[in-house]
K.L.:
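Handing you this structure, nothing more for now.
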Amino acid sequence: MTTAMTETTKIRLADFSFRYGKNEVLRQISGQFFENRLTAIVGPSGSGKSTLLSVCNRLWTELPEAKVAGKAEIQLGGEWRDLCDRRAPSQQLRRKVGMVFQTPNPLPMSIFRNVAFPLKLAGIRDREEIAQRVEDSLHRTLLWDEVKKRLDSDARLLSGGQQQRLCIARSLVLEPEVLLLDEPTSALDRTAAAGIEELLIGLKKDCTLVMVSHYLEQVERLADGVFEMSGGILRRLDSTYSR
Amino acid sequence: MSIFSRIVERLFSLAAAGSALLTIAVFLLLLYLALPLFEQGGFWALIRSPWDPGAGLYGIYPMLIGSLSIAFLALLIGFPLSLGGAFFITCFAPLFLRRHLLNLVRLLTGVPTVVYSFAALFLLVPFLREHLTGGSGLNILGAALMLAVLIAPTMIIFFVDALRRVPSGYLQAVTALGGSPGQGLVYIALPLAWPGILNGLLLGLGRAMGDTMISLMIAGNAVALPGSMMDSARTLTAHIALVIAADVSSLEFQSIFACGILLYLFTALLVLMVRLLGKFPKRSPG
């Protein structure tokens with residue numbers, strides 16, 4: 001990776017370890033994820049990739065048996081935040097560090113309400129602003145034309161690919177600085193996956209993306225940097241992915 | 001299907017039919033035994049008349065009002081307590097504590113009501129007498145407070161079960177979007193869990209209506225129509241227990257069967273409502 005030194009670091013890890021009960025999931029890992037880049041993490045199942053994502057938006061603090069050591073920080077709004085502090089408030093941070101799960105998880109409500117829901121959680125009440133931001137978000141995820149006439153329909157009736165784009169739209173409505181993607185296309189067919197890939201490429205200009213993926217071809221197409229996770233060890237792969 | 005399977009199926013069918021027939025038989029028996037009272041003035045007259053055996057009046061209206069006021073007041077006190085308890089166990093308590101708390105609640109459902117009654121008689125009643133109600137301290141408020149404690153564990157178990165049935169993926173999504181546990185509860189879990197919560201509420205009401213010991217020991221057992229929650233009252237169940245202990249043949253004795261019929265119908269209505277609730281479509285949150 002030739003450009004690493006000139007780019008702005010968004011997330012940095014130094015000798016970071018993560019333990020769940022007696023199981024050491026991440027072992028003294030170090031690395032940096034750069035701003036406005038898509039960094040991919042590859043590796044076998046159970047190697048700790050998703051755990052690393054859960055560290056980046058402090059979802060790990062919801063696991064009472066989880067313990068961390070070392071250093072993990074994220075830069076939000078020009079300020080470095082500690083990801084290891086269990087007691088630090090996480091809600092604001094999570095609004096700036098979106099998460100998209102492997103299986104699309106639309107909430108049991110309409111398409112519009114799904115996308116507007118994070119705004120409701122954030123205490124935004126202005127209906128016009130909400131409507132505008134929902135529309136913008138659906139445009140960004142290339143979903144608007146497909147759903148604009150049925151915004152009141154149950155989101156769970158959308159196809160798998162549409163549901164995943166809806167979940168991305170739901171995260172984007174908060175204008176996050178970082179978007180974490182946990183195998184976002186693994187539950188989708190080839191066409192739907194291609195749609196998500198196209199979307200992710202477009203998102204890089206506004207967002208830092210960290211994506212866990214099993215598909216090396218996909219990583220090659222999308223990623224600017226690649227890490228391999230194996231047995232809780234994070235290793236940067238020599239690559240030509242920098243773009 | 002093998003012969004063994006057929007025999008087992010028949011046996012189970014017979015057992016189910018037997019249970020249903022037994023329930024119907026109990027109702028018919030109650031009707032038969034209350035017949036002399038019905039012949040005097042009809043069922044509706046009976047449940048609207050006052051209780052005055054000296055004047056030949058065996059109405060159970062005061063007991064019906066006593067039962068309803070104690071049961072609904074207990075529900076009014078017990079419901080928010082139970083919902084709060086269920087929220088705490090489901091969402092807010094430290095994980096290691098949740099299991100222990102739920103086990104404790106399960107244990108409380110098995111405590112005999114006479115134990116609750118004794119606790120109320122020696123702790124709650126003197127407190128009410130000295131600080132709140134005056135008089136003997138045996139009144140609707142005391143009975144309702146203790147009944148609320150009695151029905152709370154049953155309701156908590158139902159509420160926790162209903163809340164736990166909410167798919168964890170939804171709550172995980174709320175957390176990942178920057179929502180607090182409280183927001184997940186209010187915006188997602190409650191709207192999805194409300195049929196189960198209502199079930200628990202109805203069963204709590206049924207338990208409060210059907211309880212004998214607490215109302216017998218704490219409510220004061222006055223057969224007059226209560227005017228406020230500081231008054232003594234006699235419930236249908238307490239009336240049955242009191243009359244059956246002193247009489248076995250008079251018209252007064254036969255009034256207990258009318259009480260039984262009312263309790264039976266009330267319970268049947270609650271069970272019917274619980275069954276109907278199960279058929280309602282789930283409300284969408286958000």
Side-chain angles (χ1 to χ4, degrees), chain A residues 21 50 53-54 56-66 89-124 152-156 163 166-167 169-174 176 179-182, chain B residues 86-104 159-199 277-286:
Chain A
S50 300
L53 289 193
S54 76
C56 295
N57 71 347
R58 282 215 198 106
L59 263 186
W60 73 270
T61 58
E62 304 298 317
L63 305 168
E65 285 184 60
S90 298
Q91 286 159 29
Q92 291 293 339
L93 183 136
R94 287 181 192 142
R95 286 172 194 153
K96 288 291 158 198
V97 186
M99 177 94 165
V100 176
F101 295 94
Q102 182 177 3
T103 311
N105 57 354
L107 294 166
M109 50 181 82
S110 71
I111 294 167
F112 182 88
R113 285 187 167 187
N114 254 280
V115 185
F117 191 65
L119 301 173
K120 185 176 180 178
L121 293 178
I124 295 167
D152 291 331
S153 306
D154 191 329
R156 292 169 295 179
Q163 285 189 15
L166 181 84
C167 292
R170 195 174 62 190
S171 291
L172 291 179
V173 80
L174 289 168
L179 192 59
L180 309 168
L181 304 128
D182 193 355
Chain B
F87 285 170
F88 185 70
I89 290 172
T90 318
C91 295
F92 300 108
L95 266 196
F96 75 95
L97 201 60
R98 292 181 190 185
R99 196 161 42 92
H100 297 306
L101 281 174
L102 197 58
N103 285 338
L104 183 70
F159 296 170
V160 166
D161 185 54
L163 290 168
R164 281 187 175 172
R165 280 170 194 264
V166 174
S168 59
Y170 293 156
L171 299 175
Q172 190 187 35
V174 175
T175 308
L177 290 167
S180 65
Q183 286 175 315
L185 198 68
V186 172
Y187 293 138
I188 300 293
L190 262 183
L192 290 175
W194 79 268
I197 289 173
L198 221 51
N199 271 352
L277 274 175
K279 291 181 180 171
F280 270 156
K282 283 184 179 170
R283 213 181 104 205
S284 281

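Below, read A as the first sequence line, B as the second, and so on, with proteins coming before strands; counting in each chain starts at 1. The shown structure was predicted, so the numbers you read here are calculated from the model rather than taken from an experiment.
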K.L.:
Determine the option with the most heavy-atom pairs under 4.5 angstrom with chain B, choosing from Arg58(A), Arg170(A), Gln92(A).
P.N.:
Arg170(A)

K.L.:
Could you give the distance from CZ (Arg113(A)) to CG (Leu119(A)), rounded to the nearest 0.5 Å?
P.N.:
13.5 Å

K.L.:
What heavy-atom pair brings Leu93(A) and Cys56(A) nearest, and what distance separates the two atoms?
P.N.:
CD2-O, 4.1 Å

K.L.:
Under 4.5 Å, heavy atom to heavy atom: which of residues 161-171 of chain B reach chain A? Give them by number, or say none.
P.N.:
Gly169(B), Tyr170(B)

K.L.:
Output yes when a side-chain donor or acceptor of Asn114(A) lies under 3.5 Å from a complementary backbone atom of Pro106(A), and no otherwise.
P.N.:
no

K.L.:
Which heavy-atom pair separates Ala169(A) from Val115(A) by the least distance, and what is that distance?
P.N.:
O-CG1, 4.0 Å

K.L.:
Which heavy atom of Glu62(A) sits nearest a heavy atom of Arg94(A), and at what distance?
P.N.:
OE2-NH2, 3.2 Å

K.L.:
Nearest heavy-atom pair of Ser180(B) and Gln91(A): which atoms, and what distance?
P.N.:
CB-NE2, 3.2 Å

K.L.:
For the side chain of Arg95(A) and the backbone of Leu174(A), is there at least one donor-acceptor N/O pair under 3.5 Å apart?
P.N.:
no

K.L.:
Is Pro176(A) in contact with chain B via its backbone, its side chain, both, or neither, using a 4.5 Å heavy-atom distance?
P.N.:
neither

